[in-house]
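For reference, the structure is listed below as structure tokens.
The model shown is predicted, which means the values in this text are computed figures rather than measured ones. Both ligands and their constituent atoms are indexed starting at 1 by order of listing.
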Amino acid sequence: MTSATASPSTAAAPFDASAVKADFPILSEQVNGHPLVYLDSAATSQKPLAVLDAERDFLTHTNAAVHRGAHTLAAEATELFEDARATVAGFVGAAPEQLVWTSGATMGLNLVAYSIGNAGLIRPGDEIVVTAIEHHANLIPWQELAARSGAVLRHIPAHDDGTLDTDAAASLIGERTRVVAFTHVSNVLGIVNPVADLVAMAQAAGAITVMDACQSAPHLPLDLPALGVDLAVFSGHKMLGPYGVGGLYGRTPVLEALPPFLTGGSMITTVTLDRAEYLPPPQRFEAGTQPIGPAIGLAAAVRYLDGVGLSRIHAHEGMLAERMRAGLVDIPGIRLLGDAAGVERVGLWSFDVEGVHAHDAGQYLDALGIAVRVGHHCAAPLHARFGVTASVRASTALYTTTDDVDRFVEAVAGIRPYFGV
Ligand code: PMP
């Protein structure tokens with residue numbers, strides 16, 4: 001078993017997105033006769049060779065179920081799997097026992113909502129507060145929990161510029177609040193939300209905080225204990241890792257207070273025909289065979305990200321976001337969603353093209369080899385808030401170059417003329 005290595009870039013060298021790009025085989029493909037410009041990393045990231053190799057090496061040389069076999073491969077697989085947990089936990093500033101493997105962020109958020117409900121922490125008339133700009137994965141589980149428990153769901157609104165209305169949050173979060181759930185970075189607006197303010201308000205009210213870190217984990221340095229959130233989720237496939245794996249971080253006392261969501265093998269101490277005792281976290285939340293190869297792949301992914309350096313990635317993508325904005329605002333008929341000034345953001349813009357449906361705009365760009373997301377990006381209420389049903393979203397990653405952004409902006413300028421509007 002060889003372990004995956006990081007990128008050629010080092011923290012000291014100037015950022016070279018083209019060198020990073022060369023580690024991602026798919027990014028040298030042609031699409032519709034053009035070199036691919038991949039601007040859909042918020043939906044899923046591309047994977048470097050180091051990640052593909054790590055999973056393949058594991059399956060080729062070590063594959064075995066973990067935590068149960070007496071044989072050599074099982075012991076080696078267990079070691080790699082638990083090393084991967086320590087690596088991924090360390091990536092978000094956490095201890096290994098604070099990281100629960102999930103199949104993805106959706107699974108993590110459902111786990112949390114069900115476990116909080118099953119713990120009896122939500123009673124009729126209690127309040128669950130979410131923002132009005134969430135991905136459906138951090139909205140619907142709370143709608144369902146409110147419906148099951150008789151709680152009231154309340155929403156922190158957004159200003160017209162896409163920033164959260166923290167004054168409204170301060171008046172919404174109070175003594176009835178049991179949970180405050182919010183995204184670190186919106187997958188539509190790209191703005192980094194005021195986590196410290198939200199955590200302070202929730203803590204003052206004695207509420208549990210749940211943060212969706214899907215759109216921050218691959219793009220900026222993330223220290224979850226320092227942010228003070230109780231629980232947070234992230235998604236492997238959006239951070240250079242494989243599909244089918246994600247992480248749930250929890251502060252130790254919070255995880256310890258929660259009952260399991262799924263039950264079955266690998267999460268018990270003793271079982272009789274009538275009852276079972278459960279292991280402590282994180283195993284308590286990991287019923288059944290876990291995504292072992294994907295977890296090892298995700299560890300390779302975060303080693304790759306760390307090898308490039310999250311501060312440098314954040315700065316690079318901030319520069320790309322600024323360049324993209326400067327190009328887009330000059331194009332007649334383009335309206336950016338969440339164009340707030342002076343906020344920290346990742347490399348992501350969603351926009352409306354006046355007179356052209358987002359799907360038509362997406363097809364036009366695709367014909368030029370440019371991959372973007374169109375639709376409501378699983379955030380329909382957010383789009384309704386900004387008066388549209390769909391938008392075009394361009395999102396960057398560490399492998400996005402200024403040339404990619406320039407080709408994209410040039411192509412966007414051609415959309416309305418092409419459709420005659
Ligand atoms: N939250 C946000 C902000 C997302 O962008 C996504 C993915 N679109 C999810 C949650 C769901 O993540 P997963 O695919 O891991 O279930």
Fill in the blank from the handout: min-distance protein heavy atom vs atom 12 (O) of ligand 1 -> Ala105 CB, 3.4 Å
Exercise for the section: Please state whether the rings of Phe15 and His316 are parallel, tilted or perpendicular, taking 30° and 60° as the class boundaries. Expected result: parallel
Exercise for the section: Just need the protein heavy atom nearest to atom 14 (O) of ligand 1, so name the residue and atom and give the distance. Expected result: His237 NE2, 2.9 Å
Completion exercise
protein heavy-atom neighbour closest to atom 4 (C) of ligand 1 works out as His135 CD2, 3.3 Å
Exercise for the section: Using the six-membered ring wherever Trp is involved, compare the ring planes of Phe24 and Tyr304 and label them parallel, tilted or perpendicular (cut-offs 30° and 60°). Expected result: perpendicular
Exercise for the section: Take atom OH of Tyr418 as the centre, draw a 6.0 Å sphere, and report whether it contains more than 12 heavy atoms from other residues, nucleotides or ligands. Expected result: no
Practice task
Between Asp212, Asn187, Ile133, flag the one that comes closest to atom 1 (N) of ligand 1 by a heavy atom.
Solution key: Asp212
Completion exercise
Nearest non-hydrogen protein atom to atom 15 (O) of ligand 1, with distance, is Ser235 OG, 2.6 Å
Handout entry: ligand 1 atoms in contact with Gln215 (distance to a heavy atom under 4.0 Å)
Key = 3 (C), 4 (C), 5 (O)
Practice task
Tell me, please: is Glu134 in heavy-atom contact with ligand 1, that is, under 4.0 Å?
Solution key: no
Handout entry: side-chain contact (heavy atoms from CB on, under 4.5 Å) between Leu398 and Leu240, intermediate numbers included
Key = CA-CA 10 Å; Leu398 68 169; Leu240 317 186; 3.8 Å; yes
Problem - Close approach, Met107 and ligand 1, non-hydrogen under 4.0 angstrom - result: no
Completion exercise
Ranked by distance from atom 11 (C) of ligand 1, the top protein heavy atom is Thr106 OG1, 3.5 Å
Handout entry: Over 12 non-hydrogen atoms of neighbours within 6.0 angstrom of CZ in Arg373
Key = no
Practice task
Say whether His155 and Glu134, considering side chains only, have a donor N or O and an acceptor N or O under 3.5 Å apart.
Solution key: no
Exercise for the section: Check ligand 1 against Gly104 and write out every atom of the ligand that is under 4.0 Å from a heavy-atom position of the residue. Expected result: 15 (O)
Fill in the blank from the handout: In this structure, NZ of Lys238 is separated from OG1 of Thr44 (nearest 0.5 Å) by 6.5 Å
Practice task
Please determine if Arg323 forms a cation-pi arrangement with Phe408, meaning its NZ or CZ atom is less than 6.0 Å from the six-membered ring centre and no more than 45° off the ring axis.
Solution key: no
Practice task
Determine whether the side chain, the backbone, both or neither of Lys238 has a heavy atom under 4.0 Å from any heavy atom of ligand 1.
Solution key: side chain
